[in-house]
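A quick write-up on the structure given underneath.
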Amino acid sequence: TFTATVASGAVGTPTGTVQFKDGSTTLCAAAPLNSTPQATCGPFTNFTTASHSITAVYSGDTNSATSTSNPAWAPSDDPSPTAGVYQRRV
């Protein structure tokens, strides 16, 4: 399961969605932000044993700009990352 936390903008709590990607492959197209503001994607049971470059892309709203996280690398020796939660700040 992947979790993205969107940093608060100048006004209010961010709203909108987060797209989770593994390289150019979309894992979750529009995971909604909750009130904390976090979005989650997963769990996954079909990851291959390889390196995975996970990014989170925030859609933005009227008070917060769109943004993309730096890549988080899911372990290459963990074919089923359901055992851990990978978090990234957007």
Side-chain angles (χ1 to χ4, degrees):
T1 299
F2 300 106
T3 301
T5 302
V6 176
S8 294
V11 178
T13 302
T15 59
T17 61
V18 175
Q19 179 184 44
F20 290 85
K21 299 177 83 173
D22 180 2
S24 62
T25 302
T26 298
L27 300 174
C28 292
L33 287 176
N34 62 21
S35 62
T36 56
Q38 292 183 330
T40 58
C41 178
F44 299 97
T45 57
N46 59 344
F47 263 32
T48 59
T49 303
S51 291
H52 297 276
S53 175
I54 308 301
T55 54
V57 182
Y58 171 55
S59 65
D61 64 19
T62 56
N63 296 312
S64 302
T66 57
S67 63
T68 301
S69 71
N70 291 324
W73 296 93
S76 60
D77 61 347
D78 184 1
S80 176
T82 57
V85 175
Y86 300 92
Q87 297 187 338
R88 180 53 86 199
R89 194 166 187 83
V90 181

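Numbering starts at 1 and runs along the sequence shown.
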**Message:** Closer than 3.5 angstrom, by distance alone: can the side chain of Ser53 be matched with the main-chain N or O of Gly23 as a donor-acceptor pair?
**Reply:**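 No, Ser53 side chain to Gly23 backbone: no donor-acceptor pair under 3.5 Å.
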**Prompt:** Do Leu33 and Gln38 have side chains that get closer than 4.5 Å, going by heavy atoms?
**Reply:**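 SC-SC contact between Leu33 and Gln38 ruled out.
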**Request:** Verify side-chain contact (heavy atoms from CB on, under 4.5 Å) between Thr66 and Tyr58, making sure each step is shown before the conclusion.
**Result:** CA-CA 5 Å; Thr66 57; Tyr58 171 55; 5.5 Å; no
**Asked** Given Thr5 and Thr36, is the side-chain contact (heavy atoms from CB on, under 4.5 Å) satisfied, shown in steps?
**Response** CA-CA 8 Å; Thr5 302; Thr36 56; over 6 Å; no
Between side-chain atoms of residues 24-31 and protein atoms elsewhere (two or more places apart, or another chain), which donor-acceptor pairs fall under 3.5 Å?
residue, atom, partner, partner atom, Å
Thr26, OG1, Gln19, NE2, 3.2

**Request:** Please report the shortest heavy-atom distance between Thr55 and Pro71, naming the atom on each side.
**Result:**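 Between these two residues, the closest heavy atoms are CG2-CA, 3.8 Å.
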**Item:** Contacts of Thr40 that satisfy side chain to side chain contact (heavy atoms under 4.5 Å, CB included) - sequence neighbours left out
**Value:**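 In terms of side chain to side chain contact (heavy atoms under 4.5 Å, CB included), with neighbours along the sequence ignored, Thr40 is linked to Thr1, Thr3.
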**Message:** Quick one, Lys21 with Val57, criterion side-chain contact (heavy atoms from CB on, under 4.5 Å). Give me CA distance, side-chain angles, the key distance, then yes/no.
**Reply:** CA-CA 8 Å; Lys21 299 177 83 173; Val57 182; 4.2 Å; yes
**Item:** Sole residue of Thr62, Asn63, Asp61 in side-chain hydrogen bond (donor to acceptor under 3.5 Å, both in side chains) with Thr15
**Value:**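 Only one of Thr62, Asn63, Asp61 forms a side-chain hydrogen bond (donor to acceptor under 3.5 Å, both in side chains) with Thr15, namely Asp61.
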